[in-house]
Trainee: 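Right, I'll just put the structure down here and ask away after.
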Amino acid sequence: MCGMPQQPPIRSTPTRPRRLDASMSLLTNVMDHSLDDGYAEAATRKKAAGEGGMPKTLRSKLGLAAGLVLAALVVTVGAAQARVAAPVVAKEREELVDRIDRESETADQLEDSVDRLREDVSARQREALKHSGGSADSDLVGILSGASAVHGPGVKLVVNDAKEADGGGEGGPRETTGFSDTGRVRDRDMQRVVNGLWESGAEAVSINGQRLTALSAIRAAGDAILVDNKPLVPPYTVLAVGDGQRLSTRFQNSADGLYLNALQEGYGVRTAISVEDDLRLPAAPSVTVRTAQPSTEKNEKGTS
């Protein structure tokens with residue numbers, strides 16, 4: 001009996017058990033062989049070349065020595081050049097100092113000459129005023145113009161910065177950079193004081209020994225007060241010749257006197273006023289007239 005051929009039974013292939021450290025083989029291989037053959041060969045060649053050539057430490061020492069020699073050479077050359085140039089620089093400096101001294105001495109001599117000429121001109125002006133007409137008129141002109149020294153009763157007014165303000169002291173004018181301190185006397189304050197005294201009847205006025213005239217100017221330079229371009233040192237002493245008691249009363253009751261009192265009460269500016277029996281004011285420096293011309297009969301006919 002023929003039947004269907006029977007299929008051989010299917011046999012399952014037995015599976016091999018998986019190693020627990022199979023995943024670590026790659027890491028282990030990398031750790032055991034960290035350099036491939038190329039790196040190993042390069043290291044071998046470098047080692048061989050080092051053994052046959054100059055040691056590395058010796059090359060480093062020679063390079064350092066060469067650098068030190070070069071630095072020493074540069075320092076030596078610089079010192080030599082400085083030693084050669086030193087006498088020339090010293091000589092030029094000495095010549096410059098001598099030139100400055102000579103020019104300063106010349107400037108001092110010129111300034112003294114200007115002062116002498118100014119005094120001579122003032123004396124000649126006063127002498128001319130005495131012979132220009134009546135004695136009373138010439139004296140009045142000399143007083144009003146400031147060309148003559150005067151004396152008589154009047155008022156002494158002292159104005160000073162507040163105690164908290166930084167002043168220049170007694171050594172010189174104030175030398176600061178700003179006007180932030182409201183306790184300091186300003187140029188406009190002194191302008192109001194002087195104008196108030198004139199309006200109150202003063203016949204002659206001076207500040208710190210400088211006579212004021214119709215051409216005088218009270219200005220500021222930095223934080224210093226200038227009168228006719230000459231710096232003043234606080235405290236500011238104002239002398240005014242006139243009817244002492246009346247002058248003092250009228251000034252203190254005037255708007256400028258009340259302004260000064262407000263400075264004292266509001267900002268601590270120190271003031272003191274007193275009536276004096278005899279004040280002496282010097283003559284003002286000579287005045288140079290550039291525009292006005294004396295009126296003569298010839299000029300009057302020419303302009304008619």
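Counting from 1, the numbers follow the sequence of the chain as shown.
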Trainee: With a cut-off of 3.5 Å and sequence neighbours excluded, list every side-chain donor-acceptor pair involving residues 225-233.
Mentor:
{"from": "Asp228", "atom 1": "OD1", "to": "Ala217", "atom 2": "N", "distance (Å)": "3.0"}
{"from": "Asp228", "atom 1": "OD2", "to": "Ser216", "atom 2": "OG", "distance (Å)": "3.2"}

Trainee: Show which side-chain atoms of residues 270-282 pair as donor or acceptor with protein atoms under 3.5 Å away, not counting sequence neighbours.
Mentor:
{"from": "Arg270", "atom 1": "NE", "to": "Asp161", "atom 2": "O", "distance (Å)": "2.7"}
{"from": "Arg270", "atom 1": "NH2", "to": "Asp161", "atom 2": "O", "distance (Å)": "2.7"}
{"from": "Thr271", "atom 1": "OG1", "to": "Gln264", "atom 2": "OE1", "distance (Å)": "2.9"}
{"from": "Ser274", "atom 1": "OG", "to": "Glu276", "atom 2": "OE2", "distance (Å)": "2.9"}
{"from": "Asp278", "atom 1": "OD1", "to": "His151", "atom 2": "ND1", "distance (Å)": "3.3"}
{"from": "Asp278", "atom 1": "OD1", "to": "Gly152", "atom 2": "N", "distance (Å)": "3.3"}

Trainee: Output, in order, the C-alpha distance, side-chain angles, deciding distance and verdict of side-chain contact (heavy atoms from CB on, under 4.5 Å) for Asn160 and Val185.
Mentor: CA-CA 7 Å; Asn160 199 0; Val185 180; 5.9 Å; no
Trainee: Does Gln245 reach the side chain of Thr249, with side-chain heavy atoms less than 4.5 Å apart?
Mentor: yes
Trainee: Do the side chains of Val158 and Lys156 get nearer than 4.5 Å, heavy atoms only?
Mentor: yes
Trainee: Let me see the working for Glu265 and Asn261 under side-chain contact (heavy atoms from CB on, under 4.5 Å), right down to the final yes or no.
Mentor: CA-CA 6 Å; Glu265 294 181 355; Asn261 186 60; 3.3 Å; yes
Trainee: Could you grab the distance from atom CD of Glu111 to atom CG of Asp108, nearest 0.5 Å is fine?
Mentor: 6.5 Å
Trainee: Got a second to check how far Thr237's OG1 is from Gln210's CD, nearest 0.5 Å?
Mentor: 12.0 Å
Trainee: Determine the sole option in Leu239, Leu157, Val159, Val238 for which the side-chain contact (heavy atoms from CB on, under 4.5 Å) test with Ile207 is passed.
Mentor: Val238
Trainee: Would Tyr267 and Tyr259 show up in the same hydrophobic cluster when neighbours are defined by side-chain heavy atoms closer than 4.5 Å?
Mentor: yes
Trainee: Report yes if some heavy atom in the side chain of Tyr236 is under 4.5 Å from a heavy atom in the side chain of Val193; otherwise report no.
Mentor: no
Trainee: List the atom of Ala202, the atom of Leu247, and the distance in Å for their closest heavy-atom pair.
Mentor: N-CD1, 3.7 Å
Trainee: Who passes side-chain contact (heavy atoms from CB on, under 4.5 Å) against Ser113, sequence neighbours left out?
Mentor: Arg116, Leu117
Trainee: Is there a donor-acceptor contact under 3.5 Å from the side chain of Ser248 to the main chain of Gly244?
Mentor: no
Trainee: Taking the basic N atoms (NZ, or NE/NH1/NH2) and the acidic carboxylate oxygens, is any pair closer than 4.0 Å for Arg192 and Asp256?
Mentor: yes
Trainee: Closest heavy-atom contact between Val205 and Ala240?
Mentor: CG2-CB, 4.2 Å
Trainee: In the hydrophobic clustering (ILVMFWY, side-chain contacts below 4.5 Å, transitive), which residues join Leu68, or is it alone?
Mentor: Leu64
Trainee: Do the side chain of Ser254 and the main chain of Phe251 share a donor and acceptor less than 3.5 angstrom apart?
Mentor: yes
Trainee: Any chance you could lay out the side-chain contact (heavy atoms from CB on, under 4.5 Å) test for Ile218 and Arg188, step after step, and finish with the verdict?
Mentor: CA-CA 8 Å; Ile218 301 176; Arg188 58 178 177 266; over 6 Å; no
Trainee: So, taking the atom named CZ in Arg186 and the one named CD in Gln191, what distance separates them when rounded to the nearest 0.5 Å?
Mentor: 12.5 Å
Trainee: Measure across Asp189 and Arg184 and return the closest heavy-atom pair with its distance rounded to 0.1 Å.
Mentor: OD2-O, 4.1 Å
Trainee: So which residues get pulled into Leu73's cluster when ILVMFWY side chains under 4.5 Å apart are joined, directly or through others?
Mentor: Val77
Trainee: Side-chain polar contacts of residues 90-97 - donor-acceptor pairs under 3.5 angstrom, sequence neighbours left out - could you list them?
Mentor:
none

